[in-house]
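Quick notes on the structure that follows.
These figures come from a predicted structure and were not determined experimentally. Naming: A, B, ... by sequence-line order, numbering from 1 per chain.
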2 protein chains.
Amino acid sequence: MPPVPDSDFTPRQNEVLASALRLVVDGGEKALTTSAVARAANCSKESLYRWFGDRDGLLAAIVAHQAAKVRVPSESAGALDLAEFRSRLATFAEDLLTVLAGDTSLALNRIAIAHASRHGAPLGRLLLERGRERIATRARTLLEAGRDQGHIDFQDATEAYRTLYGLIIRDAHGRWLLGQPPLEEDADFAGQARRAVDQFIALHPPLPRNNARQGRS
Amino acid sequence: MPPVPDSDFTPRQNEVLASALRLVVDGGEKALTTSAVARAANCSKESLYRWFGDRDGLLAAIVAHQAAKVRVPSESAGALDLAEFRSRLATFAEDLLTVLAGDTSLALNRIAIAHASRHGAPLGRLLLERGRERIATRARTLLEAGRDQGHIDFQDATEAYRTLYGLIIRDAHGRWLLGQPPLEEDADFAGQARRAVDQFIALHPPLPRNNARQGRS
DNA sequence: ACATTTCAGTACCGTACGGTACGGTTCGGC
DNA sequence: GCCGAACCGTACCGTACGGTACTGAAATGT
């Protein structure tokens, strides 16, 4: 199952990183002591330090390790009709909700945020560049495809994506990060996704075509 | 200037809490050692422990102390016309952006998020209840006033507020929390606020009145 | 004037963790 | 069969921090 080059770590190292990730996901950052990692992964602290430098390096490696498995479904767009476009957007939205609500994402985001106070926030940057930015790119190409097909219109793809993100996530991510258990309303990712997509499309109506088939409003 | 009962702390204690807040704002959580607080506030560690129990109690007290100064501008709504309503909304949006982008808010949110991994996340709850919820209430009453005046329509005020929040904040809070310095685009809070309000109102058009003066669409 | 409380300042203790060093074992190359 | 590298397991060290104990001074009440 390794068609994925994972990252520039050896299989053994990835194994260790997976153990460390487990630790951190269900124990928070303070559970990630070098001794605990060594114990959980059946490796020596000396190896940890040889491989990852120091504790911060280990943290960064964990983030990189996890980011490496963010698969971007290519979003290869041939000609897609409006229904297909909506469906694609909704799938994206649902994926985004699922990822951000996941234990792993929450744990890693919490750690990166906690570390953001000092040293140029390398963890935060890592997360932004290898996680969010990848996802944003996927969404932007999808949005541009939709514009090319005349389903929506916007000036700046980044700007449009931000609006889409806001409509999908709203304050949910913040609440989740703060430890508030997902409300029932949050749980219906599919419904949330549909609502967000509807709102987004409503805010970005297509340019009027010569032969306007768009009936209502 | 103390018409504000602040919280249920003595003036001296509030003084100490302010010092502690300073520490934590420009040093992150790890800067908040009991010794450092004692030194910065010219008080003894023993007093700290007598007043706040332990380090976590101190943390909670800091959050409560800061939350106590969240002033809610009453939002007393007489009859307001559409322009006034938009303006009020925009002011709210700008305030929200300003608060969330502030050092203090970011520092406190980071700490609460970091602590969310364990013990039922009391800090997160504190922040949610005394911070965000207060703000949300202010916004909801404003939204309901707008609905009463027929400027907008919606079913559920909470639901509507979430959308408004999403349109205002989008992914900015997440980026800020992760330590990304505010982009230039972020800096124009007034512009962001206007855009968000326009989008929100567009998404919640008023019910058609008998004498429909609403031209377009 | 004296007793009591409060608190600053400091010294102290236990511990937990980051990081290092070392002995023993496995494994691949020659 | 020998050598060296990689590595596990563990023991070890220094330190920093949370929390407590003690002392002496200021304040407050009687």
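Atom pair B:L48:CG and D:dT20:P shows a separation of 12 Å (rounding to whole Å applied). The CZ-P distance, from B:R50 to C:dT6, rounds to 7 Å in whole Å. With rounding to whole Å, B:E46 atom CD is found 10 Å from D:dC22 atom P. Straight-line distance from the CD atom of A:E15 to the P atom of D:dC7: 12 Å, rounded to whole Å. Per the geometry, CZ belonging to B:R55 stands 12 Å off C1' belonging to D:dA16, to the nearest Å. C:dT20 atom C1' lies 14 Å from atom CG of A:D54, rounded to whole Å. Per the geometry, CZ belonging to A:F52 stands 15 Å off P belonging to C:dG18, to the nearest Å. Between the NZ atom of A:K45 and the P atom of C:dC22 there is a distance of 16 Å, rounded to whole Å.
Note on A:W51: every side-chain N or O is 4.0 Å or more away from OP1 and OP2 of D:dA6. At the phosphate of D:dC8, OP1 or OP2 sits under 4.0 Å from a side-chain N or O atom of A:S47. At least one side-chain nitrogen or oxygen of A:R12 sits closer than 4.0 Å to the OP1 or OP2 atom of D:dC8.
Near DNA chain C, meaning a heavy atom under 4.0 Å away, the residues from residues 20-42 of chain B are B:N42.
Out of D:dG18, C:dC7, D:dG9, the shortest distance to the side chain of B:Y49 is found at D:dG18.
The residues A:D171 and B:R162 are annotated as salt-bridged, a charged nitrogen and a carboxylate oxygen being separated by less than 4.0 angstrom. Between B:R140 and B:E133 there is a salt bridge, since a side-chain N of the basic residue sits under 4.0 Å from a carboxylate O of the acidic one. We find that A:R138 and A:D95 are joined by a salt bridge, their nearest charged nitrogen and carboxylate oxygen being less than 4.0 Å apart.
Residue A:R175 places its CZ atom among more than 12 non-hydrogen atoms of other residues, nucleotides or ligands, all under 6.0 Å distant. Crowding of B:R86 atom CZ: a count of heavy atoms from other residues, nucleotides or ligands under 6.0 Å exceeding 12.
Scanning all heavy atoms of the two residues, the minimum distance from A:R130 to A:R134 falls at O-CG, 3.0 Å.
For B:R110 and A:S117, the side-chain atoms include no donor-acceptor pair closer than 3.5 Å.
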